[in-house]
Structure formats: structure tokens, C-alpha cells
Amino acid sequence: MFNERLSLIAGILTDETGSDDAFLTEGGEHADLASTIAFSLAKQRKAAPQKIAPEIATQIRDRIKSEAGADVTVSGPYLNFSFTDDYADKAVLAAIKPEFGYLGASQQRTVLEHTSANPNGPLHVGHIRNTVIGDTLARCFRKAGRKTEVQYYVNDMGRQIAIVVWGFNRFNMPLESREKGDHHVASVYIDANRDLKEDPSLTAEVDRLMQLVEAGDPDTVRHFRAAVTLCLEGFRVTLDDLNAKHDRFVWESDFIRNGDTGRVIARFDRLPECRHEETLNLDLTSCGFEKSYVLRRSDGTTVYAARDIAYHIWKGRNFDRMIDVLGADHKLIGAQLSAALRLLGEKAPEIVFFEFVSLPEGSMSTRAGKFISADELITQVKKKAFQEVTTRRPELPDEEREKIAASVAIAAIRYDIVKVSAEKATVFDWDEALDFERQSGPYIQYAHARACSILEKAGEFKTVSRVSMPTEVALAKQIGKFPYILERVITDLKPAYLATYARDLADLFNAFYHAEPVLKADGAERDARLTLVLASQITLKTVLETLGIDAVRSM
RNA sequence: GGGCGUGUGGCCUAGUCUGGAUAGGGCGGCAGCCUCCUAAGCUGUAGGUCGGGGGUUCAAAUCCCCUCACGCCCGCCA
């Protein structure tokens with residue numbers, strides 16, 4: 001479809017002009033594709049671009065037509081390419097096939113790590129930015145046909161967890177029957193931190209726990225595991241609510257127990273960059289880092305970084321492509337991790353960083369209890385969605401409305417997050433979270449439900465594609481772009497592209513819906529429009545699924 | 001102090017990597033559209049020269065330099 005024609009035209013342009021770049025861009029309102037190659041050739045040919053453009057057009061016209069299925073026109077210095085009439089029809093028919101979006105066989109195996117929040121309290125609105133970005137990327141990889149394993153790296157032996165365990169030992173705080181495990185852990189963690197702040201001498205007790213757990217003291221290990229498991233059970237519920245799925249939870253402590261961390265330290269030990277001071281640390285100044293990179297504390301325990309390196313070596317050896325989704329606060333340690341891995345001659349991960357979500361009153365903090373939990377967000381948005389559904393569809397039974405509301409709520413939450421570029425810091429806003437209009441997930445779901453409704457009423461029809469009206473052509477062309485967008489997402493690791501695409505697709509479907517009657521059309525025109533509706537419905541459904549949003553048939 | 005990121009109409013945001021044709025959307029405002037396939041919809045309208053300044057270029061929101069503002073990071077925390 002779009003991507004095939006793009007590369008064909010680019011090939012002909014570079015081939016015929018001798019330029020190594022085709023200077024192709026999307027043509028916007030002017031054409032399907034446009035090239036500014038005449039500008040770049042102006043110098044070497046010593047002629048005005050307006051003069052060169054028609055010459056190139058004449059030269060390539062026949063090949064472009066026969067090989068790439070496009071017409072060339074000249075507008076001043078610009079070369080415009082318009083796909084021939086059959087393009088839109090082919091796009092419509094391609095979308096109806098089951099393999100739509102599949103980018104071809106690839107043996108490449110990808111491991112994608114996301115969320116990996118510390119198990120010291122519930123996931124909050126900042127953590128789920130990680131979840132939504134990661135899960136959407138994973139869905140894109142899979143839709144494109146890439147084998148992908150999604151992992152959650154469980155930090156089960158850090159200081160924060162030691163504080164939680166210490167808190168459990170100190171307070172007698174039974175889990176109330178209705179309380180989620182992760183929320184319970186947070187209350188223990190918050191209280192423990194308060195006490196540690198009041199009496200810093202207690203910190204020694206936490207240090208002791210960390211030494212014991214690393215040494216493998218059975219009782220301590222059991223306590224750590226119990227606390228982390230309790231929190232993780234809560235996470236699983238939240239992640240499940242968000243339609244986010246991990247294939248594997250990898251426990252950090254396993255890299256101590258299986259000896260990997262020890263072996264990593266031994267390998268570093270042989271490097272000239274390794275320094276034995278009170279701590280065992282790496283001198284990364286040659287890689288541009290001022291501070292030394294500590295791997296083992298003076299008390300003999302390893303730091304997070306050492307275990308993380310062991311984890312990444314394991315991933316790098318078992319997968320071709322290794323992707324981590326991390327908060328922007330991890331930029332420095334991410335760079336240090338990569339540098340350390342390269343020193344050992346191991347593969348470094350591709351890291352997708354996202355900026356923070358803050359509250360209007362400031363940044364979030366689990367320790368201070370200053371956060372909006374994902375569970376609370378989901379509850380509130382569901383409540384609002386239920387009201388909306390009830391207003392619009394009062395005739396539906398309660399369970400039906402509940403079900404739609406749940407899907408609408410997750411659509412609103414996931415879309416709100418994924419539509420914003422990861423590098424943009426955001427401020428959480430309840431009004432925005434509860435808005436289901438226009439640039440929202442429910443808006444796209446609505447376009448899909450509309451298409452379903454039409455198809456349901458249509459009954460049998462013949463599958464033929466014959467788009468002609470402007471809104472039909474625009475819609476069909478947008479449908480044909482889906483594989484191209486998918487490819488860009490997994491290349492650039494920017495799931496926001498898919499959100500923009502989905503919105504444009506819904507816009508174009510709505511425009512068509514308002515401009516051209518479908519069920520009231522006659523004969524062949526009715527069949528053709530129904531086929532376009534079917535292609536739209538399938539594409540919308542595919543895109544929604546790839547965004548992790550339920551493609552509800554009615555709402 | 002150093003590093004990284006962000007700065008686009010009242011608010012939110014796309015485009016910035018790969019410089020090109022009048023800077024796209026949404027919210028809010030204003031004016032319209034439900035005897036026609038779900039109005040979570042559609043149409044029209046007002047509002048921006050892309051933080052500021054310099055530079056490169058035929059061409060800059062996009063590249064370079066300086067500068068301001070905001071965020072994040074610079075632990076024997078994770």
C-alpha cells in the first residue's frame with residue numbers, strides 16, 4: 001500500500017536523477033507524495049528549480065506510472081505524485097483481508113520491559129504512562145508480526161522494599177479484607193518512612209535487612225517475597241484493568257541467587273576501568289561520566305546497577321532487540337548501564353524515555369502519600385462513563401451499560417496518555433481525564449460503533465470497491481496508510497503516531513458518514529459504500545486493539 | 001555549577017530527528033445542524049509567525065550559536 005508506493009517512487013527518483021535522496025514527503029493537500037528534489041539539484045545543474053522540476057517530471061513520468069502506479073505533476077519547483085485511481089480501491093480491499101497490518105515475516109525476537117514500578121505502593125498516574133507506552137509498543141510489534149515478550153522487572157531487594165518489610169515487622173497492620181495489597185503496602189511504607197525520618201538511627205535496622213536478604217537468610221527472603229507478592233497482586237489487577245499484559249515477571253533477586261550478579265562483578269574486576277576502593281566501582285570517565293559507577297557497597301552488598309546489568313546481559317543474549325521503557329529520571333543511569341554493558345562487549349538496550357506526570361500542586365511521591373493511584377483514576381473515569389452511557393442508552397440493561405462504561409473508561413485513559421509525545425512533561429488534569437469528546441479514545445470507539453451499526457442494518461452485500469466521492473477517497477487512502485504508520489511506530493518507538501493516525505481515521509470516517517448516505521444508496525453504489533464502511537470498521541477495530549482499547553460494537 | 005528535556009493562539013497539543021508550498025487538531029468563545037445510517041457527531045467563524053536574540057540557507061517552528069523560563073538528573077537509593 002502506501003509504504004510500497006513510497007519506496008517505489010523514491011527508488012525511481014534516486015535512480016533517474018542520480019541523487020542519493022529522493023526528498024520525498026507526504027504531499028498533504030497537494031498530492032499523495034511530494035518531492036523537493038529540484039531544489040537540491042538546482043546547484044549542481046546550475047538551473048532554477050522551477051526549470052528542473054518539469055524536466056524530471058518528463059523523464060520519470062512513464063516509469064512512475066507503470067512501475068509505481070502514480071501520476072506526476074509539477075507545481076513550481078515541486079514534484080507532486082498522485083496515486084492512480086485503483087490505489088484507493090486496492091487499499092479498501094487490502095484492509096478487509098485478515099493479514100492487514102502484517103509487515104512480513106521476521107525472525108527477530110524482541111523483549112520489551114515496561115512499568116517495572118517498585119512494589120512499595122500502588123501504581124499511580126505517572127507509572128501508567130510507562131504502562132500505556134510500553135503496552136502499546138508491544139501491541140504494535142505483535143500486530144506487525146514480530147515475536148515479542150513483555151517483561152516486568154520486579155525490584156524485590158531494594159532499600160524501599162527493605163523499608164516495607166521493616167514496617168511490616170514493626171507495625172501490626174493487618175490487611176483489611178477489602179483493601180488491595182498494593183494500597184496496604186503503601187500505608188505501611190508511608191508510616192515506616194515517617195518513623196525513619198523521626199529517628200534516623202533506625203536506618204541501621206533497614207540496612208541489616210538488606211544484608212540478610214542478599215546473603216539469602218531464609219526468614220528475611222521469605223518476608224521480602226511475601227511483601228513484594230502482596231503488592232504485585234495489586235499491580236496485576238490494575239494492569240489487567242488497563243488491558244496491559246506482561247508475559248513474564250522477572251525477579252531481581254534471582255540474579256543474585258543464580259550467581260549471575262557475582263559473575264558480572266568478576267568480569268568487571270578484570271577490566272582496567274574497575275577500581276577497588278571502599279566500594280567496587282567503575283571509572284566511566286572515558287565514556288563521559290564524571291562520577292564513578294558503584295557496583296558493590298563497602299559492606300559487600302551489591303547495588304541495583306549490578307543486578308540490572310546481569311538482567312540486561314541475560315535479555316541481550318536471548319533476544320535480538322531489547323527495549324526498555326523508563327522515566328526520564330533514569331536517563332543518566334540508563335546511559336551508564338549502556339556504557340557498562342558495552343565495556344563488557346554486551347548488547348545495550350534501546351531505551352524509550354518518557355517525561356513525568358505531575359499533579360497541579362507538584363510532583364508525586366509514594367513515600368509522602370502524594371499521588372493519585374491508577375485504581376482511583378479508573379474508578380472515577382468509569383463512574384463518569386457510566387453516567388454518560390446511562391444518559392445516551394437508558395434502554396440498555398445495567399450490566400450492559402457497566403460493560404460499555406468499563407471499556408469507554410479505559411479507552412479514555414489509555415488514549416489520553418498515548419496521544420501525547422513521551423518527551424513532553426504533563427500535568428494531570430481531572431477535567432481532561434473525564435472528557436470523552438473529540439481527541440479522545442471514546443471518540444474513536446464511537447466511529448467504530450457507528451460503522452458496526454451500519455453493517456448490522458445492511459444485511460448481505462457484495463464486496464466491491466469503487467470509491468469516487470472526495471470523502472470516500474480520503475478515507476480509503478487513510479486506511480491504506482495503516483501498515484506504514486505501524487512500521488514507523490516500531491522503527492521510531494513512538495506510539496503517539498498511532499494515536500494521531502487513529503484520530504485522523506475517525507475524523508475521515510465521520511466526514512464520509514455525514515457526506516454520503518450508505519444504506520439509502522442504490523445497487524452497486526450501496527455495495528461499494530458498504531465495502532468502504534467494512535474496511536473502515538476493520539481498520540478502526542485493528543487500530544483500537546493495537547492501542548489496547550476495546551472496539552465495542554455498540555455504545 | 002554541569003548534563004538532559006520542554007517552551008507553538010486563553011488552555012491542551014501535532015509538526016522539529018530526515019529544512020521546503022497559506023503552522024494542523026482539540027478544548028473554551030461565537031453562529032448553525034437531530035421528520036436521513038447512534039449529536040460521544042458534523043459545518044462555519046474569530047484567535048497563533050512557533051519563548052527571546054543572532055546566524056546558516058534560494059527557503060527555518062524545524063539546523064547552529066547565545067539567552068530566558070520551567071522540569072528532571074548529577075547517592076555505597078531504586
Side-chain angles (χ1 to χ4, degrees), chain A residues 21 23-25 27-30 34-36 38-40 42-43 48-49 75-78 80 116-118 120 155 157-163 207 252 277-281 288-292 294-299 301-305 307-308 327-333 335 353 355-356 358 363 385 388-389 391-393 408 411-412 419-421 423-427 429 431-432 435-447 449-458 492 496-497 499-500 503-504 506-507 510-511 513-521 529 533 554-555:
Chain A
D21 191 333
F23 297 95
L24 271 180
T25 58
E29 67 205 280
H30 307 284
S35 172
T36 56
F39 287 107
S40 78
K43 238 173 221 157
S75 175
Y78 300 96
N80 289 332
S116 300
N118 283 328
N120 60 351
N155 306 146
M157 52 188 310
R159 171 156 239 110
Q160 278 114 330
I161 309 313
I163 292 172
D207 292 342
E252 181 184 357
E277 297 164 349
E278 301 93 81
T279 64
L280 184 128
N281 63 77
F289 300 102
E290 290 176 30
K291 300 268 167 72
S292 64
V294 174
L295 298 173
R296 198 171 62 199
R297 299 185 183 92
S298 50
D299 69 0
T301 58
T302 55
V303 297
Y304 174 83
R307 280 107 62 178
D308 205 22
D329 55 336
H330 286 65
K331 278 185 183 179
L332 179 59
I333 57 164
F353 289 109
E355 288 288 336
F356 268 44
S358 56
S363 54
E388 292 285 331
V389 180
T391 308
R392 292 159 210 277
R393 307 292 300 277
V408 165
K419 74 178 178 187
V420 181
S421 300
E423 64 269 21
K424 211 119 172 171
T426 60
V427 177
D429 183 326
D431 287 339
E432 247 167 69
D435 178 16
F436 304 147
E437 286 179 3
R438 285 307 279 255
Q439 297 189 350
S440 74
Y443 169 77
I444 298 156
Q445 285 180 307
Y446 189 72
R450 256 184 176 164
C452 288
S453 170
I454 293 173
L455 292 169
E456 206 148 294
K457 289 182 177 151
D492 297 352
Y497 292 161
T500 306
R503 196 243 302 154
D504 289 342
D507 281 349
N510 283 330
Y513 170 87
H514 283 277
E516 311 299 339
V518 177
L519 296 176
K520 287 194 166 178
R529 289 200 180 141
V533 172
S554 164
M555 61 189 281

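A note on names: the letters A, B, ... follow the listed sequences, proteins ahead of strands, and every chain is numbered from 1. The model shown is predicted, which means the values in this text are computed figures rather than measured ones.
In this structure, A:V389 reaches the bases: a heavy-atom distance under 4.0 Å links it to at least one base atom across the strands shown. Using a 4.0 Å heavy-atom criterion, one finds that A:S440 contacts no nucleic acid atom at all. The residue A:A34 sits close to a base: some heavy atom pair falls under 4.0 Å. Using a 4.0 Å heavy-atom cutoff across all strands shown, A:N80 reaches at least one base atom of the nucleic acid. Across all strands shown, A:F353 has no heavy atoms under 4.0 Å from either base or sugar-phosphate atoms. Heavy atoms of A:E516 sit under 4.0 angstrom from at least one base atom.
B:G51 and B:U16: their C1' atoms are spaced 16 Å apart (whole Å). Of the C1' atoms belonging to B:C27 and B:C34, the separation is 23 Å, rounded to the nearest Å. With both ends at atom P, the span from B:U57 to B:U49 equals 27 Å, rounded to whole Å. On the P atoms, B:G48 is 31 Å away from B:U67, given to the nearest whole Å. Nucleotides B:G9 and B:C17 have their C1' atoms positioned 26 Å apart, rounded to a whole Å. With both ends at atom P, the span from B:G52 to B:U8 equals 10 Å, rounded to whole Å. For B:A46 and B:A31, the P atoms lie 15 Å apart once the distance is rounded to whole Å. Remark: the separation of the C1' atoms in B:C42 and B:C37 is 14 Å, to the nearest Å.
The pairing partner recorded for B:C30 is B:G44, the criterion being a Watson-Crick or G-U wobble arrangement whose two distances lie under 3.5 angstrom. Nucleotide B:C63 forms a pair with B:G55, judged by Watson-Crick or G-U wobble geometry with both contacts under 3.5 Å. Of the nucleotides present, B:G71 is the one that pairs with B:C4 by Watson-Crick or G-U wobble criteria, both distances under 3.5 Å. Base pairing analysis places B:U22 opposite nothing; no Watson-Crick or G-U wobble pair with both distances below 3.5 Å involves it.
By the salt bridge (Lys or Arg N to Asp or Glu O under 4.0 Å) test, A:E290 pairs with no residue at all, sequence neighbours left out. The side chain to side chain contact (heavy atoms under 4.5 Å, CB included) test applied to A:S363 returns no partner, not counting sequence neighbours. Applying the side chain to side chain donor-acceptor pair (under 3.5 Å) criterion to A:R393, with sequence neighbours excluded, gives A:E395, A:S554. Among residues two or more places apart in sequence or in another chain, the side chain to side chain contact (heavy atoms under 4.5 Å, CB included) test is passed with A:K457 by A:S453, A:L519. A:E252 meets the side chain to side chain donor-acceptor pair (under 3.5 Å) test with A:R307; sequence neighbours excluded. Taking the side chain to side chain donor-acceptor pair (under 3.5 Å) definition, one finds that A:N510 meets it with A:Y443, A:R450, sequence neighbours left out. Legend: residues meeting salt bridge (Lys or Arg N to Asp or Glu O under 4.0 Å) with A:R159, ordered by chain and number and at least two apart, are A:D207. The salt bridge (Lys or Arg N to Asp or Glu O under 4.0 Å) search around A:R529 returns A:E472, A:E516, A:E525, not counting sequence neighbours.
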Check the pair A:T25 / A:T36 against side-chain contact (heavy atoms from CB on, under 4.5 Å), numbers first and verdict last.
CA-CA 8 Å; A:T25 58; A:T36 56; 5.6 Å; no
Listed pairs, N/O of protein and of nucleotides 12-15 of chain B, under 3.5 Å:
unit_1: B:A14; atom_1: OP1; unit_2: A:S421; atom_2: N; d: 3.0
unit_1: B:A14; atom_1: OP1; unit_2: A:S421; atom_2: OG; d: 2.6
unit_1: B:A14; atom_1: OP2; unit_2: A:K424; atom_2: NZ; d: 2.6

Check the interface with nucleotides 31-35 of chain B: list each N/O to N/O pair with the protein under 3.5 Å, or write none.
none

Set out, line by line, the N/O atom pairs under 3.5 Å between protein and nucleotides 42-47 of chain B.
unit_1: B:C42; atom_1: OP1; unit_2: A:Y443; atom_2: OH; d: 3.0
unit_1: B:C42; atom_1: OP2; unit_2: A:R438; atom_2: NH1; d: 2.5
unit_1: B:C42; atom_1: O4'; unit_2: A:H514; atom_2: NE2; d: 3.2

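A:R297 places a side-chain N or O within 3.5 Å of a backbone atom of A:T302 that can act as its donor or acceptor partner.
For the pair A:H30 NE2 and B:G24 P, the computed distance is 10 Å after rounding to whole Å. One interatomic measurement links the two molecules: CG of A:D21 to C1' of B:C17, which rounds to 14 Å at whole-angstrom precision. Here the P atom of nucleotide B:C27 and the CD atom of A:E437 are 6 Å apart, to the nearest Å. Straight-line distance from the CE atom of A:M555 to the C1' atom of B:A39: 13 Å, rounded to whole Å.
The side-chain heavy atoms of A:I333 and A:H330, taken from C-beta on, include a pair separated by under 4.5 Å. Within the 4.5 Å cutoff, the side chain of A:N155 has no heavy atoms near those of the A:I161 side chain. Between A:T500 and A:Q439 the shortest side-chain heavy-atom distance does not fall below 4.5 Å.
Taking the nucleotide of RNA chain B with the nearest heavy atom to each of A:L519 and A:T36, the more 5' of the two is matched to A:T36. Both A:S40 and A:F436 lie close to RNA chain B; mapped to their nearest nucleotides by heavy-atom distance, the more 5′-ward contact belongs to A:S40.
Glycosidic torsion of B:C12 falls outside 90° of 0, placing the base in anti.
Considering every non-hydrogen atom in both A:H30 and A:N80, the closest pair reads CB-ND2, 4.0 Å.
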Just by protein heavy atoms under 4.0 Å, how would nucleotides 73-78 of chain B read 5' to 3' in B, S and -?
SSSBSB
